[in-house]
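First up is the structure itself, then whatever we jot down about it.
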Number of protein chains: 2
Amino acid sequence: MKRTGQPTINDVARLSGVSKKTVSRVINQSPLLNEETRRRVEEVIAELGYVPNPQARALALRRNFLIGLIHDNPNGQMVLGVQEGILEAIRETSYALVVRPVDRRSPTMVADIRNFLEQQRLAGVLLLPPISENEELASMCREIGCAYVRMGSTTLDDPEHLVASNDRDAVAEAVRHIISLGHQRIGFIAGPPGFRSAEERMAGFEHALAEAGITIPRSMIADGNYTFDSGRAAAERLLDLSPRPTAIFASNDEMAAGVLHAARQRELRVPDQLSIVGFDDTAIAAHMWPPLTTVRWPIVSMARAAALKLIDPDHAADEPSLFLSSLIRRSSVAAPPKG
Amino acid sequence: MKRTGQPTINDVARLSGVSKKTVSRVINQSPLLNEETRRRVEEVIAELGYVPNPQARALALRRNFLIGLIHDNPNGQMVLGVQEGILEAIRETSYALVVRPVDRRSPTMVADIRNFLEQQRLAGVLLLPPISENEELASMCREIGCAYVRMGSTTLDDPEHLVASNDRDAVAEAVRHIISLGHQRIGFIAGPPGFRSAEERMAGFEHALAEAGITIPRSMIADGNYTFDSGRAAAERLLDLSPRPTAIFASNDEMAAGVLHAARQRELRVPDQLSIVGFDDTAIAAHMWPPLTTVRWPIVSMARAAALKLIDPDHAADEPSLFLSSLIRRSSVAAPPKG
DNA sequence: TTGTACGCGTTATCAC
DNA sequence: GTGATAACGCGTACAA
């Protein structure tokens, strides 16, 4: 009779004069239970402050009450927003969040993740872009029976395995806005090759241009990889062009910050001489000078929905899987200079 | 004979013709073992790809292989840096990282954390500022026997429970630098009251001033709370002064970004008319225009050391607990304007 | 140096 | 409806 530490299910059973199994039924909301019994057991539980031991449950259920976040360090603000959303979803539950960064360039990535999932026996995982776009990874999750949700820029999977934004439409809207102000020479800085989000954003750009009957030389499209430095380098190339673009759409905010940096070094005034648009609406966007016009996608809400899908796979399809982005107009965009 | 899922310790025992316990000894590196036996068991382990089940271990050991990160959302970049450091430390181990945000304004915070720790039975937790400065929280960890490390701006605890930077000295060095350029009217934007880091940084500021024999009016010290907006608001007040400061030290980078924002709105040229210094060297610092002179503290290394202390409490004191910050000179600082 | 028997706290099976 | 009893996979006394 060691009274050390937390009370266990045995203590509850003994004190309420029922068997362990009955207590277990009470905990797990079994429907076939005498109301009277349930009430009595619940009283004892409350009195003792009993809480089920997650380790023991994990062992018996062969499944942990952990939600995994697997990512390849896509972008700091994004990871933070996602964590915030997941934590909102699991706040009042017994779930916890475990974070697992991986290296997408590693040839053993899928195998590594598989080991991790099998060992930790997570309840489910949220896959962030760009690795969420990896089909092999998704099949592996299905194969080992691990619940998963993929976050992406477009329809990657069934609704119960997906939270996605509409990057293509959002970029098209942003570009239409630029065009409506009179810009014709619009530069574009792409995201890294192989990223679905990069492709979607580029497609939105091209769509808006085609729609308006504008054609631009291939040189107006520069490669980037979502980093500040790549944005700056791309902007250098774009601004070396003659005539140079009067507006630049960067596929994310960090690269847009790089564009601004390059513009400043050339003593180009933004937005008078050069308009800039970004994507993500990360913290940096509103804090730049001038504040950046950008596309905001509801990352926290998306992550929250994703976590809810993972926690309750049966109703996963009830949570929304498609989310709308919107254009945030700040002061980095203006009409092009005359002449 | 169910051959489903992972091999267990029993499979290893059977195939290598020894008892479970012997396998257990091999796993746990027991010294008293026949070399021959160990070799044989290890072969079988490798062959089967056996990995101990963390859930079962957790139950038997009454201790999980999880490192907890507990924080009150101090600042996005910091949380990310810390996660990176922890993950470096546990990369090759069987530990995982679980993240737990809390609300320091909640009266039940310590109790909530206690419940979390007792239920999850974490191997140890890393406490981030500002809650790391909470003595009640630290005593609670000691009381329930949970290993902990506090991250702070000064000596908060014994070396085995601490990773700290020398904020005071670092700020003093930065301010000396400003003074050496000829600045006399230096404004200061403080961090939130009650934050030890805020106090330390202020102390460093005052120390450097006193050292140089400079006295400033009380109005040159403005309140802030580490947010962009508070930095901007504080800068407004400072720049309304007459004569206004020729340099402003902001207690973190985000506030420094706010100062820059305010300066731009007034069309003050930085650094010609106003020098700005920040603290943290977050991503934003190098990407602002002009790039921000700031203080860098080795957050990733500190977090890595903290995690190593948690993983191996016996050698916790071997890992360094004091870390040096350094001044990063960029272009937001110049000599004050003449006259 | 190695093995036996049991405990860790929970859930699942299958009787009653 | 409810309760013995056996998993779940590993660690630890204690014995051999």
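Everything numeric here is computed off the predicted structure, so don't read it as measured data. Here is how names work: the chains are called A, B, and so on, in the same order as the sequence lines, proteins then strands, and each is numbered from 1.
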Lys NZ or Arg CZ of A:Arg57 over A:Phe65 ring: under 6.0 Å, within 45°: yes

side-chain N/O B:Thr22 vs C:dG3 OP1/OP2, d < 4.0 Å: yes

Out of C:dT2, D:dC10, D:dT2, whichever nucleotide has its closest atom nearest the side chain of A:Thr37: D:dT2

Nearest-Å distance for atom pair CG/C1', residues A:Asp11 and C:dT10: 13 Å

Closest nucleotide among C:dA12, D:dC10, D:dG9 to the B:Ile9 side chain: D:dC10

Among D:dT2, D:dG3, D:dT12, the one nearest B:Ser24 by side-chain distance: D:dT12

Short side-chain N/O contact to C:dT11 OP1/OP2 from A:Arg57, under 4.0 Å: yes

Taking every non-hydrogen atom, the tightest pair across A:Leu162 and A:Thr155: CD2-CA, 3.9 Å

Check: A:Lys20 side chain, D:dA4 base, donor-acceptor under 3.5 Å: no

Which residue lies more 5' along DNA chain C, comparing B:Gly17 with A:Val23 via nearest heavy atoms: B:Gly17

Nearest-angstrom distance from the residue atom CG of A:Asn28 to C1' of D:dT2: 15 Å

Rounded distance (Å) that lies between atom P of D:dC10 and atom CZ of A:Arg62: 12 Å

Salt-bridge criterion met for B:Glu43 and B:Arg39 (N-O under 4.0 Å): yes

Pairwise 5' ranking along DNA chain C for B:Ala60 and B:Val18, keeping only the more 5' one: B:Val18

Whether B:Asn53 side chain and B:Ala56 backbone form a donor-acceptor pair below 3.5 Å: yes

Residue mapping more 5' on DNA chain D - nearest nucleotide basis, B:Gln55 or B:Arg25: B:Gln55

Closest to the B:Thr8 side chain, choosing from C:dT11, D:dT2, D:dG9: D:dG9

Any A:Ser19 side-chain N or O less than 4.0 Å from OP1/OP2 of D:dT2: no

Side-chain N,O (A:Asn10) to OP1/OP2 (C:dG9) below 4.0 Å: no

Closest to the A:Tyr50 side chain, choosing from C:dA12, C:dT10, D:dT2: C:dT10

Over-ring placement of A:Arg114 relative to A:Phe116, 6.0 Å and 45° cut-offs: no

Protein-nucleotide distance (B:Lys21, atom NZ; C:dA5, atom C1'), rounded to Å: 13 Å

Distance, rounded to the nearest Å, where A:Gln29 contributes CD and C:dT11 contributes C1': 15 Å

Nucleotide of C:dT11, D:dT12, D:dG9 approaching B:Leu59 most closely (side-chain heavy atoms): D:dG9

Residue A:Leu61, side-chain atoms from C-beta onward, closest of C:dT10, D:dC10, C:dA12: C:dA12

